[in-house]
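One structure is given below, encoded as structure tokens.
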Amino acid sequence: LHVTAETANLVLALRVGGAEVALCAANPYTAQPDVAAALGDGVHVGDYAKGIATVAAWGPDVVLDDGAELIAATHERLRGATEETRSGLVHVRSLDLGCPVLAVNEATAERALNDRFGTGQSALDGIVRATHMLLAGQTIVVLGYGWTGRGIALRARGAGASVVVCEVDPLRALVARMEGFDVLPAAVAAERGDVFITVTGSRDVLRREHFDRMKDGAVLANAGHFDVEISLPDLGDAATEVLPLVQSFEQPDGRRLNLLARGQVVNLAAAQGHPAGVMDVSFALQALSAEWLVREEVPAGVQPVPPAIDAEVARLKLEALGVDIDTMTPDQEAYLNRWR
């Protein structure tokens, strides 16, 4: 997982539950050294590529993953695993799995809260921290309108930006249009955008044909898990670091395109990731899913998070917020179940 203060609280919760824990970063540039140091004794902490190999060799029983690299290295000898990202689930589903993997990314609480409100806020936070730009008045192009893209688009509009959505899925494109956003092919949007944010889970979403049409000074940011959504080879080699997290690439005609955080996930590479107020939901799902994998006999393959865990996490979050809700009367329950 990403080594952040929020992740540290998950690690501590697992240890309170009796687990031995090893932790490594799920992505380059997403390990916060102060967090790794603070975890201290009793938790093995490693960096990205070396850390994955070290943790795999350590011999875990259960893996909580963000990107599926660790699952891919260990699944044949695991009791079970969880996967946090859509990109990771694509990878997991390509494997002949030797253990159950709970699709935490597809849990209702995860999609509705982490993806929409977490990435929606933290991706824009990363862009602002890296560039110190004013979002109001900018044209922001969001490539991908899943739960995460939707959250980014809604937050960007709330900040005063004009938002354009690019999609390959007709239903998602229709939803974006019905929610008031312009929907355009990427090649057309390339001419209009001031800021481009990729969040598709695919590769080469922005490439040479788009770069050739962009304005001088356009900003490119990736909020997807892997650094393949913006084609770095197509940007060229003439890069100048103009700010600590901003590389300016000169194009053949003299225009300059500004890449943030080397195309890595911008909300963690340029900011601090999702706020604790939404990561508590994600990590409650992770912790309760890990407990369930240990207690139950679950068949191998990708499995949904049990609805009871989703409901329990929502109940706990409401309780933490001091929010009470209604309960159905016996007559109402009988009415809704009368056809069973």
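For the side chain to side chain donor-acceptor pair (under 3.5 Å) test, residues two or more places apart in sequence or in another chain that qualify with R255 are D253. Residues that satisfy the salt bridge (charged side-chain N to carboxylate O under 4.0 Å, His left out) test with R213, not counting sequence neighbours, are E191. Under the rule for a salt bridge (charged side-chain N to carboxylate O under 4.0 Å, His left out), the partners of R295 that lie at least two apart in sequence or sit in another chain are E291. When the salt bridge (charged side-chain N to carboxylate O under 4.0 Å, His left out) test is applied to R208, the partners found at least two apart in sequence or on another chain are D212. Contacts of R79 classified as salt bridge (charged side-chain N to carboxylate O under 4.0 Å, His left out), with partners at least two apart in sequence or in another chain: E297. Residues satisfying the side chain to side chain donor-acceptor pair (under 3.5 Å) criterion with H210, sequence neighbours excluded, are absent altogether. Every residue two or more places apart in sequence or in another chain that forms a side-chain contact (heavy atoms from CB on, under 4.5 Å) with S248 is listed here: V242, R256, N258. Listed by chain and number, the residues in a side chain to side chain donor-acceptor pair (under 3.5 Å) with S122 are N267, H274 (sequence neighbours excluded). Residues passing the side chain to side chain donor-acceptor pair (under 3.5 Å) test with R77, sequence neighbours excluded: none.
The main-chain N or O of E333 is found under 3.5 Å from a side-chain atom of N337 such that the two form a donor-acceptor pair. Under a 3.5 Å cut-off, the side chain of D310 and the backbone N or O of P306 do not form any donor-acceptor pair. Without hydrogens or angle criteria, D169 side chain to R172 main chain gives a donor-acceptor distance under 3.5 Å. Side chain of Q303 to backbone of P299: a donor-acceptor contact under 3.5 angstrom is found. Proximity of a side-chain donor or acceptor of N222 to a complementary backbone N or O of F226 within less than 3.5 Å is detected. The closest donor-acceptor contact from the side chain of R129 to the backbone of G126 lies at 3.5 Å or more, if one exists at all. Counting only distance, with no hydrogens or angles, the side chain of T7 and the backbone of H2 share a donor-acceptor pair below 3.5 Å. Although no hydrogens or angles enter the test, the distance criterion places a donor-acceptor pair under 3.5 Å between the side chain of D65 and the main chain of I71.
Residues I309 and W292 meet the side-chain proximity criterion, which asks for heavy atoms closer than 4.5 Å. Within the 4.5 Å cutoff, the side chain of L235 has heavy atoms near those of the L220 side chain. Inter-residue side-chain proximity for W58 and E20 is flagged as met; some heavy-atom pair is nearer than 4.5 Å. A 4.5 Å side-chain heavy-atom check between I52 and L70 finds at least one atom pair inside the cut-off. Here the side chains of I325 and L318 are in contact, with some heavy-atom distance below 4.5 Å. When side chains are defined from C-beta on, K50 counts as touching T54, because their heavy atoms get closer than 4.5 Å.
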Task: side-chain contact (heavy atoms from CB on, under 4.5 Å) evaluation trace for W147 with T119 - done: CA-CA 9 Å; W147 284 98; T119 310; over 6 Å; no
Open item on the list: As a quick check of understanding, evaluate side-chain contact (heavy atoms from CB on, under 4.5 Å) for L135 and I140, giving each step before the final call.
Closed with: CA-CA 8 Å; L135 298 179; I140 295 181; 4.1 Å; yes
Open item on the list: Using the rule given for side-chain contact (heavy atoms from CB on, under 4.5 Å), can you reason through L260 versus T131, listing the C-alpha separation, both sets of side-chain angles and the distance that settles it, and then say yes or no?
Closed with: CA-CA 8 Å; L260 304 190; T131 63; 3.7 Å; yes
Open item on the list: Is there a side-chain hydrogen bond (donor to acceptor under 3.5 Å, both in side chains) between E83 and T85? Walk through the geometry before answering.
Closed with: CA-CA 6 Å; E83 174 51 46; T85 66; 2.7 Å; yes
Open item on the list: What verdict does the side-chain contact (heavy atoms from CB on, under 4.5 Å) test give for F211 and F249, after you've listed the backbone C-alpha separation in whole Å, the side-chain angles of each residue and the deciding distance to 0.1 Å?
Closed with: CA-CA 10 Å; F211 301 150; F249 286 82; over 6 Å; no
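Nearest heavy-atom pair across V183 and A173 is CG2-O, 3.6 Å. Nearest heavy-atom pair, A218 versus F196, reported as atom, atom and distance to 0.1 Å: CB-CE1, 4.0 Å.
When the shell of 6.0 Å around CD of Q332 is examined, it contains more than 12 heavy atoms from other residues, nucleotides or ligands. Other residues, nucleotides and ligands contribute only 12 or fewer heavy atoms inside 6.0 Å of the CD atom of Q121.
Side-chain contact of T4 with Q32: a donor-acceptor pair under 3.5 Å is absent, judged by distance alone.
Exactly one residue among V141, V219, T139 makes a side-chain contact (heavy atoms from CB on, under 4.5 Å) with D194. That residue is T139.
Taking 4.0 Å as the cut-off between side-chain N and carboxylate O, R192 and D182 count as a salt-bridged pair.
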Show me, pair by pair, the donor-acceptor contacts under 3.5 angstrom made by side chains of residues 94-105, not counting sequence neighbours?
{"residue": "S94", "atom": "OG", "partner": "H91", "partner atom": "O", "Å": "2.5"}
{"residue": "N105", "atom": "ND2", "partner": "E84", "partner atom": "O", "Å": "3.1"}

Under 3.5 Å, which donor-acceptor pairs link side chains of residues 155-162 to any protein atom two or more places apart or in another chain?
{"residue": "R157", "atom": "NH1", "partner": "E179", "partner atom": "O", "Å": "2.9"}
{"residue": "R157", "atom": "NH2", "partner": "E179", "partner atom": "O", "Å": "3.3"}

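The side-chain hydrogen bond (donor to acceptor under 3.5 Å, both in side chains) analysis of residues 227-238, with sequence neighbours excluded, yields the pairs T200-E229, D227-Q264, S231-D234.
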